[in-house]
Amino acid sequence: MAVREVLKMGHPTLRVKAEPVSESEIQSKEFKDLVADMFETMKAEEGIGIAAPQIGVSKQVAIVGVPKDNPRYPDAPENEEEPELDFDILVVINPTISVVDDTPSGFWEGCLSVPGLRGYVERPSKIKVDYTDIQGEKQSMVASGFAATVFQHELDHLDGVLYVDRVADKNKLAFMDEYLEYHDQEEEE
Ligand code: ZN
């Protein structure tokens with residue numbers, strides 16, 4: 001296992017749709033090693049999620065975390081509405097998202113591939129994710145609130161989309177210091 005380099009915005013691999021992972025591939029040592037490297041890299045960078053394209057592998061696999069005590073997201077809300085989401089971290093393979101509630105829910109997002117910036121993004125507040133798990137079993141999960149945003153952010157990476165694409169109000173795209181000084185206490189609309 002190894003901490004891998006995280007690709008930064010501008011790298012073309014971050015902008016292409018990732019390839020689906022086959023059933024046999026999920027069982028391969030290479031794939032387990034890839035997921036292990038994603039875990040190590042995410043942990044080293046203190047991320048709350050990571051997608052394979054971010055370490056240069058254009059495959060449809062992402063790790064999604066529900067932040068607890070993450071130093072990069074000290075104010076992340078607890079996922080109170082979905083107590084069945086009792087995981088800390090989840091590996092999702094070949095995911096598809098459907099919207100359960102399209103009422104917009106906005107959070108300030110960050111990304112390991114866009115270091116030093118934060119941006120305010122509104123996304124559907126409740127979603128269902130169908131995916132294959134690390135054992136190769138089909139699963140589905142409903143997520144709302146901040147967890148729904150983390151899922152949508154990571155799964156966007158598998159479509160070549162970055163959160164900055166979804167910042168509607170460019171006044172709400174900021175460097176970290178400016179975010180903390182001018183935007184951190186803003187009321188959410
Ligand atoms: Zn990201």
Would you check if [X] and [Y] make a side-chain contact, meaning some heavy-atom pair closer than 4.5 Å?
X      : Y      : value
Tyr131 : Val64  : no
Ile63  : Glu154 : no
Cys111 : His157 : yes
Ile26  : Val61  : no
Val121 : Thr149 : no

Nearest 0.5 angstrom please: [X] [atom1] to [Y] [atom2], how far?
X      : Y      : atom1 : atom2 : result
Glu45  : Glu5   : CD    : CD    : 10.0 Å
Met9   : Tyr163 : CE    : OH    : 7.5 Å
Asp102 : Ser125 : CG    : OG    : 7.5 Å
Phe175 : Leu117 : CZ    : CG    : 5.0 Å
His153 : Leu162 : NE2   : CG    : 7.5 Å
Ile97  : Phe151 : CD1   : CZ    : 8.0 Å

Exercise. Of Thr132, Asp133, Asp130, which meets side chain to side chain donor-acceptor pair (under 3.5 Å) against Gln139?
Worked result: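 So the option named by the test is Asp133.
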Exercise. Testing Gln60, Lys17, Arg15 for side chain to side chain donor-acceptor pair (under 3.5 Å) with Asp159, which one passes?
Worked result: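 Going through the options one by one, the only one that passes is Lys17.
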Exercise. So does Lys29 have more than 12 non-hydrogen atoms from other groups sitting under 6.0 Å from NZ?
Worked result: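 It does not: Lys29 NZ has 12 such atoms or fewer within range.
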Exercise. Quick check: are there more than 12 heavy atoms from other residues, nucleotides or ligands sitting under 6.0 Å from NZ of Lys8?
Worked result: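 Atom NZ in Lys8 is crowded, with more than 12 foreign heavy atoms closer than 6.0 Å.
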According to a hydrophobic-cluster definition based on side-chain heavy atoms being under 4.5 Å apart (Ile, Leu, Val, Met, Phe, Trp, Tyr only), do [X] and [Y] belong together?
X      : Y      : result
Val150 : Val100 : no
Phe39  : Val6   : yes
Leu7   : Ile48  : no
Val57  : Val16  : no

Which heavy atom in [X] sits nearest to a heavy atom in [Y], and how many Å separate them?
X      : Y      : value
Ala148 : Ala143 : CB-O, 3.5 Å
Ile93  : Val21  : CG2-CB, 3.7 Å
Asn94  : Pro20  : OD1-CA, 3.4 Å
Ala62  : Leu158 : CB-CD1, 4.5 Å
Ile89  : Met42  : CD1-CE, 3.1 Å
Pro53  : Leu14  : O-CD2, 3.9 Å

Is there a donor-acceptor contact under 3.5 Å from the side chain of [X] to the main chain of [Y]?
X      : Y      : value
Thr41  : Arg4   : yes
Glu181 : Asp177 : no
Ser113 : Gln54  : no

For this session: Please determine if Lys59 and Glu25 form a salt bridge, counting it only when a charged side-chain N lies under 4.0 Å from a carboxylate O.
Result: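 Looking at Glu25 together with Lys59, the answer is yes, because their closest N to O distance falls below 4.0 Å.
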For this session: Output, in order, the C-alpha distance, side-chain angles, deciding distance and verdict of side chain to side chain contact (heavy atoms under 4.5 Å, CB included) for Met141 and Leu90.
Result: CA-CA 11 Å; Met141 166 166 292; Leu90 196 70; 3.7 Å; yes
For this session: Could you check Glu109 against Arg123 for side chain to side chain contact (heavy atoms under 4.5 Å, CB included), going step by step and ending with a plain yes or no?
Result: CA-CA 11 Å; Glu109 299 186 18; Arg123 300 178 185 270; 2.8 Å; yes
Exercise. Given the rule in the side chain to side chain contact (heavy atoms under 4.5 Å, CB included) test, do Trp108 and Asp184 qualify, once you have shown the distances and angles that lead to the verdict?
Worked result: CA-CA 9 Å; Trp108 284 85; Asp184 192 23; over 6 Å; no
